[in-house]
Structure formats: C-alpha cells, structure tokens
Undergrad: 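I'd like to ask you about the structure that follows.
Remember, it's 1-based here, ligands and their atoms both numbered in the order they're listed.
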Amino acid sequence: MKKDLVSLSTFTRKEIEGLLSTAGAMKKAPYAYRPLADKTAALIFEKQSLRTHVSFAVGVTQLGGHSVFLSQQHIGLATRESVEDIAEVLSRYNDLIVARTVLHETIAGLGRAASVPVINALSDLLHPCQILADALTMQERGVLSERTKVVFIGDGNNVVNSWLEFAEKIPLHFVLACPEGYEPDAAILAQARASGVSNIEVVHDPLEAAEGAGVLYTDVWVSMGQEEEKAARQKAFQGFQINERAIKAAGPRCLIMHCLPAHRGEEITEEAMASPQSVIMDEAENRLHVQKAVMSYLVAGAATSGPAAEQLLASAAN
Ligand code: CP
Ligand code: NVA
C-alpha cells in the first residue's frame, strides 16, 4: 500500500529518525542515489513558494527524475476540476504528487484519491517538510534532544502544529510563546500532550519563555491567506519578536531559527537574522536533503535506518 506524508502523525519515531539519517547521508553525496530515474513528480502549488518549489524540483532532478510544475492557474484544483479527479488523473502519469494547498482538506483529499504517494508541501494546518528540515538542522548542531528548550515566539500556526506532531514522536522540550487567541490547533496540541513523549508548554510572555532557550524559532505574524487579518495581527503580535533582548535572555549558545520568508522588523530583527547564532540558511538548504529522503522512502521504499542509509549511498556510489 502506498504511503503519504500529509501529516507527521502517520510516521513512527523510527521512520522519522531514519529519514533524518538518510537525509544526512544524501547531503554528503547528493548525486549518489537515483531512485527516481525515469520517474516523474507533479508539483501542485495553490500558493506562492520559493524554497519548497525549488527544493522539490531540484531534489527530484538529483534523484534522477523529472518534475512537472502545476500552479492553481494551470489546473484549477477544486474549481475547474474536482480534487479527486485531478488526483486520479495525475496518478496515471506520475509516480508522486507534491502539493501546497490553501485548505488542509484539499491535501488530505489528494492523499485519499491518489494511487501514488502524496507529500504535503504546506497547508493552512501543517508544514511537515519544514519541521523535518529544522530537525535535521538541530541534529547537525547536536541539539535535537529533550534537554534543549525550543522556544517558538509567534503564531500557533501551521509550522507550530507540525512541530507539535513531531514532538508527539520525538522527545523535545517545546515552548510556544504566543499572544492569547493565537494558540495552535487544539486537537493537535491535546494529542501531542497526551502522547507524553515531549514536554510541551504554551505561554504568553516571550521574554520569560526565551530564558535558557537552546533554540529561538519564529515565523511570520501573517501567514499566506491571512492578509485580511494583517492589521489586527500586527497589533496582537507586538513584542513577539526574536530580538536582542530575547537572544540575551536565551544566552550566547542559543540557535536562531526561522522557516522563511522573513519580515525583518516584525517577527525578527535584522540583527537577529544576521547573527552568527543564526542557522536560518541551513534550514533552507536542509529542505532539499530531507525532502529527497522523504521522496526516496515513499516512492522507492528506500531504507530509512541509519547504517542502512549510509550503506545504500555507499553502494550507489560504487
Ligand atoms: N519555508 C517555506 O516553505 O518557504 P516557501 O514558502 O518559500 O516555500
Ligand atoms: N506560516 C507561513 C509559513 C510559510 C513557509 C505561511 O503559512 O505562510
């Protein structure tokens, strides 16, 4: 049976650790393994994207395959044609569907109707590929551990929801500092807490939260599709910023993370972006490596355990 990555909740801890390990191996040897040779991926984007679009297209090429870019203007997902019909037709031509959708129900519907694997490239609810890239970035710095306090300052949005789904599987100390009324999805939060895997806090004072943080993370105050709420959000999020005071509260070893795009002067200052503590561009790069691991796993069943992944790449290189 085919497997999708619509949500991290359908992955086990072992699978996630395996994907991170494979991604690390692929980063060292980007062209060594080509499980998508003669295969094609459809890339559907209902919303704007830089990193996700380019890293999936480049990743498919590095794995030996070809991608077809389909914007909402091209295909009219759920407007010109039903989600189900589009999923079935694309499954007849392609080996994989990657989609960024406005509504989470659209990506879920694609997953249900397609006979090939479907990968969530961001929905209004979740952004799983981003969190895998962030986890790889933390792992590279030796801080992917429940001993590290990860403090997300900002909106309880799609990125936070995926952090919570990740925390349901991998032990973390995750603290969200958000304004009241901007908490994450209640069901996802409850499920992550109920799993008992991670220490999860939701608080409303960003500077207090930043004390002792090993990672300070943020995202835009106004996500794509929330433009009408811009004025209210800009007011509500005042002070929910990675800035000198937050970094000072966290300490000199704290990493600064942001999924990008950034709005300097809102959720993060120019100085924080440019700080030597910033690993923001590593996160952007790691989108490529983790997504290659995910595609290899879903399409070709590539090994996801650590040594197996290393062996796979070593044998491909010989
Ligand atoms: N972080 C991220 O998903 O970037 P894009 O919106 O540019 O793809
Ligand atoms: N929360 C942001 C993430 C962008 C990568 C958005 O949905 O617009």
Undergrad: What I want to know is whether Asp219 and ligand 2 share at least one N or O pair that is separated by under 3.5 angstrom.
TA: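 The answer is yes, given that Asp219 and ligand 2 share an N or O pair closer than 3.5 Å.
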Undergrad: Look only at interatomic distance and state if Arg51 has a nitrogen or oxygen under 3.5 Å from any nitrogen or oxygen of ligand 1.
TA: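 Yes, at least one N or O pair falls under 3.5 Å.
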Undergrad: Go through ligand 2 atom by atom and flag the ones less than 4.0 Å from a non-hydrogen atom of Leu122.
TA: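 Reading through ligand 2 atom by atom, the close ones are 3 (C), 4 (C), 5 (C), 7 (O).
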Undergrad: Would Pro261 count as being in polar contact with ligand 2, using the rule that some N or O on each side must be under 3.5 angstrom apart?
TA: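 No, Pro261 has no N/O under 3.5 Å of an N/O on ligand 2.
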Undergrad: Looking just at side-chain N and O atoms, do Arg100 and Thr52 make a donor-acceptor pair shorter than 3.5 Å?
TA: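 Checked: Arg100/Thr52 side chains pair up, N/O donor to acceptor below 3.5 Å.
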Undergrad: Answer with yes or no whether the side chains of Gln234 and Glu266 bring together a donor and an acceptor at under 3.5 Å.
TA: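 A pair is found: one side chain offers a donor N or O, the other an acceptor, under 3.5 Å apart.
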Undergrad: Atoms of ligand 1 less than 4.0 Å from Arg100 heavy atoms?
TA: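 Every atom of ligand 1 under 4.0 Å from some heavy atom of Arg100: 3 (O), 5 (P), 6 (O), 8 (O).
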Undergrad: Which of the atoms in ligand 1, numbered in the order shown and given with their element, are less than 4.0 Å from a heavy-atom of Leu50?
TA: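 Listed by number with element: 5 (P), 7 (O), 8 (O).
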Undergrad: Just heavy atoms, cut-off under 4.0 Å: does Thr52 contact ligand 2 by side chain, backbone, both, or neither?
TA: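 Neither; no heavy atom under 4.0 Å.
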Undergrad: With a 4.0 Å cut-off on heavy atoms, does Leu260 reach ligand 1?
TA: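 Contact check Leu260 vs ligand 1: positive.
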Undergrad: Would you say Lys47 touches ligand 1, if touching means a heavy atom closer than 4.0 Å?
TA: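 The answer is no, since Lys47 has no heavy atom less than 4.0 Å from ligand 1.
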Undergrad: Side chains of Thr40 and Asp95: do they bring a donor and an acceptor to under 3.5 Å?
TA: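 The answer is no; no qualifying pair exists.
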Undergrad: When you compare the side chains of Ser162 and Gln130, does any donor N or O come within less than 3.5 Å of an acceptor on the partner?
TA: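 No, because no side-chain N or O of Ser162 sits under 3.5 Å from a partner of the opposite role on Gln130.
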Undergrad: Using a strict cut-off of less than 4.0 Å between a Lys/Arg side-chain nitrogen and an Asp/Glu carboxylate oxygen, indicate whether Lys27 and Glu140 qualify as a salt bridge.
TA: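 A salt bridge links Lys27 with Glu140.
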Undergrad: Ligand 1 and Gln130, any nitrogen or oxygen pair closer than 3.5 angstrom?
TA: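 N/O-N/O distance under 3.5 Å: yes.
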Undergrad: Among all the protein's non-hydrogen atoms, which is closest to atom 2 (C) of ligand 1, and how far away is it?
TA: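 Residue, atom and distance for the closest contact: Arg287 NH1, 3.4 Å.
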Undergrad: Taking atom NZ of Lys248 as the centre, does the number of heavy atoms from other residues, nucleotides or ligands within less than 6.0 Å exceed 12?
TA: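 Not buried by this count: 12 neighbours or fewer within 6.0 Å.
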Undergrad: Taking both backbone and side-chain atoms of Arg100, is any N or O found less than 3.5 Å from an N or O belonging to ligand 2?
TA: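 Among all N and O atoms of Arg100, none is under 3.5 Å from an N or O of ligand 2.
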Undergrad: One residue to check: Thr52. Relative to ligand 1, which of side chain, backbone, both or neither has a non-hydrogen atom less than 4.0 Å away?
TA: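 The part of Thr52 near ligand 1 is both the backbone and the side chain.
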Undergrad: So is Ser223 polar-close to ligand 2, meaning N/O to N/O under 3.5 Å?
TA: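 So ligand 2 has an N or O lying under 3.5 Å from an N or O of Ser223.
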Undergrad: Mark the output for Leu260 as yes if a heavy-atom distance to ligand 2 is under 4.0 Å, and as no if none is.
TA: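 It does; at least one heavy atom falls under 4.0 Å.
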Undergrad: Taking atom CG of Leu90 and atom CD1 of Ile97, what is their separation to the nearest 0.5 Å?
TA: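 Going from the CG atom of Leu90 to the CD1 atom of Ile97 covers 5.0 Å.
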Undergrad: Could you verify whether a donor N or O on one side chain and an acceptor N or O on the other, from Gln291 and Ser55, lie under 3.5 Å apart?
TA: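 Yes, because at least one side-chain N or O of Gln291 sits under 3.5 Å from a partner of the opposite role on Ser55.
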Undergrad: Main chain of Tyr297, side chain of Lys3: is a donor-acceptor contact present, judged purely on distance under 3.5 Å?
TA: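 Judged by distance alone, no pair lies under 3.5 Å.
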Undergrad: Enumerate the atoms of ligand 1 whose separation from the nearest heavy atom of Cys259 is less than 4.0 angstrom.
TA: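 Under 4.0 Å from Cys259, ligand 1 has these atoms: 1 (N).
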